[in-house]
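Take a look at the structure below.
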Amino acid sequence: MNARTDPGTALAAALPPIGQPGRRVAVEDLLPALVADGLLAPADAEAVGRYARLSSADQHALVALARRKLKSPGTHRLLDLDVLCPWFAQRVGLPYVHIDPLKVDLSRVAEVMSSQYATRFKILPLEVKAGEITIATAEPFVTDWVDELRGLLKREIRRVVANPQDITRYIVEFFTLARTIRGAQKSGAAAHQNNFEQLVELGRSGRSLDANDQHVVTIVDWLWQYAFEQRASDIHMEPRRDTGSIRFRIDGVLHNVYQVPASVFAAMTSRIKLLGRMDVIEKRRPQDGRIKTRNADGREIELRLSTLPTAFGEKLVMRVFDPEVLVRDFAELGFGDDDLETWESMTARPNGIVLVTGPTGSGKTTTLYSTLRQLATDEVNVCTVEDPIEMVEPRFNQMQVQHGIDLSFADGIRALMRQDPDIIMVGEIRDLQTAEMAVQAALTGHLVLSTLHTNDAPSAVTRLLDLGVPPYLLNATLIGVMAQRLVRTLCESCKQEAEALAEEEWSALIAPFRSARPKRIYRPVGCLECRMTGYRGRTGLYELLVLDAGLRQLIDEKPDLGAIRRRAIRSGLKPLRLAGAQKIAAGLTTCEEVLRAAPPIGDQGL
């Protein structure tokens, strides 16, 4: 949860009252205060006042006002709940809180009161401390419950104001989830593995919770829909000694979501493995699977599953592949005009090898799929060999690597060569055999796209030579390499202008290059749109290396990586740090993000 404190109770007391003790706030109570504060025109207040008493008794006054889509005079800002709720909190002298479910310990708050009690008074516990409990309300003048809870719980009650719609929604979600987990615990024995040594002895003893138990089905469905709603790219389910931890990766950063009892956690893992057509019984070796489901809007979403045996059970990671996110326009990916022109010229060649490099999670898959979607016209045959298939795309002919039957990347490429392909995408070049088959495919007139794990673009050349690719074959087939990273982008709704970087800081960022220091940069602030992080979404940094005649002369049996980098830069290569500096100057990201993602230029042998 995120709190914004108001100017104080003293200020609220000095303003005209907007409610009466013991009574719910009504629309007619709010109208004079809105007019007095300049948020509502008198004529609009009069028009609303005529129908105020016709509103439903179950509808909060703030919700009733928001649904009329009124606008404040002068600014013409829409008076929605995001405007009305903070204003209301300031008027009654209480802090305003935006409820962030990722920051609420559902297991603890559900123990404070029953769902019936919360529904009766329309209140919601948000934070439980040793001597204080924070409770959200949208009816600050109804206080009968305060003294009652203070006496029962033996703790101070801190009241805050929250969006009435959020309170209603999360009362249902929080308490239903807690009740479901309690029900799941009762449905099966609490048998779980305390340590790795007891895996065999305890793995088949005791009555475990059924993966098809309705409680477990409900919890898993909630987990997925919640992850889609929060824009999570990965869902981590990590077993601990007595509990299971669930975390979401959002914009590249992991967030704790929930702690689940160990017996329920094991049943959730089994349920997901069952849906992913994995071996539910096998818990001693890693497995892969995939699930296709839908989000709340009915849009199809794929989940790629991976399990890993750990000391306290199976760790499960689900990567979320939303087609609308995975395959995007190049401008959305962060390509500048020059970068896009260079990239399109590289991938427009009829034959040769084009590589995308970077660490895991740097967006290589998104770039390749977006590129292949553009290249996959009716006139060409696009084939891929992947491990695993990231997303099923009807425009491609996709093959899955199967190590169990000795179907490797090299075997896949060899098979695809007999399928009359025009464009081949290889998931990753990991060994000499795969590299040799990619080279042969390029030599025989095919365009080959693949990925490689290197820190920058020039290092891809030496990596292929280290694998054993002869220099003359590399010279004949390699078109170019693109290294990339992802950085979080500043939230457009709340970013603020910051003090410009000192000349020394800017010079250190782009050393040994020189560039004009930006006169204006921005810093993260935090708002409801970005969940108070200051960042929303990610964009790419790109470093493109095109092999020209000068670079090809440097590729021999003992290449000098520093010489290759220097020649590439003279030919127009823009290092990742420089690409990041341009994003900072454009107000898209921060210096901290670029420093975290992009390697220092000075460490690259320049």
Side-chain angles (χ1 to χ4, degrees), residues 184 187-188 191-193 196 198-200 202-228 232-240 244-249 257-258 260-295 300-322 326 360 365 384-392 398-409 412 427-428:
S187 297
H192 62 277
Q193 298 146 9
F196 186 71
Q198 292 174 306
L199 177 65
V200 176
L202 297 184
R204 293 176 174 81
S205 65
R207 188 171 66 87
S208 60
L209 186 58
D210 187 357
N212 291 316
D213 185 277
Q214 187 57 47
H215 295 296
V216 177
V217 173
T218 301
I219 296 167
V220 171
D221 288 345
W222 168 84
L223 175 66
W224 285 343
Q225 293 304 324
Y226 188 34
F228 303 154
S233 61
D234 299 87
I235 306 169
H236 288 243
M237 295 179 59
E238 302 169 336
R240 301 289 185 256
S245 176
I246 297 175
R247 298 195 289 172
F248 291 167
R249 187 178 296 279
V257 177
Y258 200 53
V260 181
S263 58
V264 179
F265 181 87
M268 291 174 64
T269 303
S270 297
R271 167 71 180 170
I272 294 168
K273 287 174 65 178
L274 188 68
L275 294 175
R277 298 180 181 179
M278 302 161 73
D279 187 346
V280 179
I281 302 300
E282 179 58 72
K283 294 178 171 56
R284 298 167 298 174
R285 62 180 178 85
Q287 296 187 65
D288 294 315
R290 62 191 320 117
I291 296 172
K292 185 174 288 187
T293 184
R294 295 183 183 275
N295 66 2
E300 210 171 70
I301 291 179
E302 287 193 17
L303 299 171
R304 192 182 78 192
L305 315 180
S306 174
T307 65
L308 181 74
T310 69
F312 299 112
E314 281 187 292
K315 180 181 186 295
L316 174 64
V317 175
M318 293 168 273
R319 175 155 289 187
V320 181
F321 289 109
D322 184 343
L326 190 60
T360 301
T365 298
T384 74
V385 52
E386 306 172 61
D387 182 25
I389 295 173
E390 303 283 9
M391 184 189 74
V392 177
Q398 296 169 281
M399 178 190 296
Q400 166 81 48
V401 167
Q402 301 285 351
H403 296 288
I405 57 173
D406 294 328
L407 178 57
S408 64
F409 277 117
E428 183 184 347

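In terms of heavy-atom proximity, Pro239 sits nearest to Thr310 at CG-OG1, 3.4 Å. Among all heavy-atom pairs drawn from Val260 and Phe265, the shortest one is CG1-N, 3.7 Å. Heavy-atom minimum distance, Leu316 versus Ile272: CD2-CG2, 3.6 Å. Nearest heavy atom pair, residue Arg294 against residue Phe228, reads O-CE1, 3.9 Å. Minimum interatomic distance between Leu407 and Gln400 (heavy atoms only, all atoms of both residues): CD2-O, 3.6 Å. Minimum interatomic distance between Val385 and Gly412 (heavy atoms only, all atoms of both residues): CG2-CA, 4.1 Å.
Side chain of Lys283 to backbone of Pro309: no donor-acceptor contact under 3.5 angstrom is found. Using modelled atom types, no side-chain atom of Glu314 and backbone atom of Ala266 make a donor-acceptor pair closer than 3.5 Å. No donor-acceptor pair under 3.5 Å is formed between the side chain of Ser306 and the backbone N or O of Val317.
From Leu308, atom CG reaches atom CD of Gln287 across 11.5 Å, with rounding to the nearest 0.5 Å. In this structure, CH2 in Trp222 is found 7.0 Å from OH in Tyr258, a value given to the nearest 0.5 Å. How far CD1 of Ile235 is from CZ of Arg319: 12.0 Å, rounded to the nearest 0.5 Å. Atom OG1 in Thr307 sits 11.5 Å away from atom CE in Met237 (nearest 0.5 Å). Between atom CG of residue Leu274 and atom OG1 of residue Thr269 there is a gap of 12.5 Å, rounded to the nearest 0.5 Å. Considering CG of Leu275 and CZ of Arg271, their distance stands at 4.0 Å, rounded to 0.5 Å.
Contact check for Ile291 versus Met318: no side-chain heavy atoms found under the 4.5 Å cut-off.
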Q: Applying side-chain contact (heavy atoms from CB on, under 4.5 Å), run through Asp288 and Leu305 and close with a yes or a no.
A: CA-CA 5 Å; Asp288 294 315; Leu305 315 180; over 6 Å; no
Q: Using the side-chain contact (heavy atoms from CB on, under 4.5 Å) rule, take Leu303 and Arg290 through it: C-alpha gap first, then chi angles, then the decisive distance, then the call.
A: CA-CA 5 Å; Leu303 299 171; Arg290 62 191 320 117; over 6 Å; no
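Using a 4.0 Å cut-off between charged side-chain N and carboxylate O, Arg304 and Glu302 make no salt bridge.
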